[in-house]
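We name chains A, B, ... by the order of the sequence lines, and we start the count at 1 in each one. Note that the coordinates shown come from a computational prediction; the quantities given were computed from them, not determined experimentally.
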Protein chains: 2
Amino acid sequence: MAKRPADPTNANAPGARQVPMRDFSRSLPMSLLRAREAVMRQFRPSLREHGLTEQQWRILRALAAIEAAEVTELARTAFLLGPSLSRILRDLEARNLIERKTAKADQRRSMVSISEKGVKLMASVAPSSEAIYAEITRRFGARKLAELQEMLGQLELCLATTEARDEITDDA
Amino acid sequence: MAKRPADPTNANAPGARQVPMRDFSRSLPMSLLRAREAVMRQFRPSLREHGLTEQQWRILRALAAIEAAEVTELARTAFLLGPSLSRILRDLEARNLIERKTAKADQRRSMVSISEKGVKLMASVAPSSEAIYAEITRRFGARKLAELQEMLGQLELCLATTEARDEITDDA
DNA sequence: GGGAGATAATTAACATGTTAAGTGAATTCG
DNA sequence: CGAATTCACTTAACATGTTAATTATCTCCC
């Protein structure tokens, strides 16, 4: 009721905070979320055709680049939280796409590696995945893409230092 | 075993594809994912203290800027899929943070609006949320932040045209 | 060598992402 | 009018995100 005239900043809201919150559709988290969704929307259909989710694909890619990895290391590489990774590894193992064996030196650790079947699956997905990436690069521009990635890396870096306080004591 | 010397491109992997996939930790989806996570990691603790998830906060923010909205419109604004929104609205309504009433003209539509309690909750969260955003802006640089958002918007736009084929027939 | 603490991984519990199917109401068109 | 279609929303089913608690193992140190 009593609609105010169009005012994107909502600066005249009665009794509201003095400084209106920025139009949240233009907030940084939303911008990042939408950009990522726009990108992933390109890949998902292809992955789906091969029976893989985005996260499962990340794990296979991470494993393909190395001989074997501990779960914790894999979590860091594939940027997944432990619990998510634990579930996905269970499924991938049941599908015989990966193999695990506990480390001899430390029974707590388990070494994960991609299986032959996993390698073959990757080989069948990679071409279309590469093609999609190439198309994205073509549309957006290779140079601009590199610039964007550089900025994203800087953003990540400048925010990572927040947790430094917790780590200083560890390193000391 | 027989570890090869460090080779980020893995170009010499025996029997592997000729064109190695780019180091996936530098792929665009990963860059976007990590950047967004770095940002959200700043906000989550504050939201959590107020009993809100990131998505619930998005919905409240979206509703605060308008009088009322249909569910579909709200989904678009808060960038949530229908099923997610449906669940979250059910919970927010149970907590009396929002109100719903079915539209008179069209019984299928339901109008959602933020409640008094919801407004108060927002007011209690907004200050710290704004402070965090300001700190991010300070660290990364306001100009760079604007540049980044501009590029993200362009990326989204240049990929959105992919689905144009499906829409042409609608507009015709 | 044995108990307190640290560590690697999993499990638990709840919230959301994602696609498909279902439900009820409105619209179209014969 | 009324059957078929479309539409708005919800529910279902499964996969992942997120935090906390558990389990099993290892390390340290007395």
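What separates CG of A/Leu81 from P of C/dT16 is a distance of 16 Å, to the nearest Å. Computed from coordinates, the B/Arg58 CZ to C/dA15 C1' distance equals 13 Å when rounded to whole Å. In this structure, CZ of B/Arg48 is placed 11 Å from P of C/dA15, rounded to the nearest angstrom. Atom-to-atom, CG of A/Leu47 to C1' of D/dT16 comes out at 15 Å; the value is rounded to the nearest Å. At whole-Å resolution of the value, CZ in B/Arg41 and P in D/dG17 are 13 Å apart. We find that CD of B/Gln56 is positioned 8 Å from P of C/dA15, with the value rounded to whole Å. Look at CD1 on B/Ile88: it is 13 Å from C1' on C/dT18, rounded to the nearest Å. When the P atom of D/dC9 is taken as reference, atom CD1 of B/Ile98 falls 13 Å away, rounded to whole Å.
Here A/Arg34 does not pair with A/Glu37 in a salt bridge; the nearest charged N to carboxylate O distance is not below 4.0 Å.
Applying the salt bridge (charged side-chain N to carboxylate O under 4.0 Å, His left out) test to every pair with at least one member in residues 115-128 of chain B, sequence neighbours left out, gives no pairs at all. The list of salt bridge (charged side-chain N to carboxylate O under 4.0 Å, His left out) pairs with a residue in residues 75-90 of chain A, not counting sequence neighbours, is empty.
Taking every side-chain heavy atom of B/Glu37 into account, D/dT18 is the closest of D/dT18, C/dG17, D/dG17.
Taking side-chain N and O atoms only, A/Gln55 has a distance below 4.0 Å to OP1 or OP2 of D/dG17. The shortest distance between the side-chain N/O atoms of B/Gln107 and the OP1/OP2 oxygens of D/dC9 is not below 4.0 Å.
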Does the protein touch nucleotides 7-14 of chain C at the base, only the backbone, or not at all? Give it as B, S and - per nucleotide, heavy atoms under 4.0 Å.
BSSSBBB-
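Of all heavy-atom pairs between B/Ala69 and B/Ile66, the closest is CB-CD1, 3.4 Å.
Considering only residues two or more places apart in sequence or on other chains, B/Arg108 meets the side chain to side chain donor-acceptor pair (under 3.5 Å) condition with B/Asp106. In terms of the salt bridge (Lys or Arg N to Asp or Glu O under 4.0 Å) criterion, A/Glu150 has no residue partners (sequence neighbours excluded). Take A/Glu70 and apply the side chain to side chain donor-acceptor pair (under 3.5 Å) test, not counting sequence neighbours, and it matches A/Arg109.
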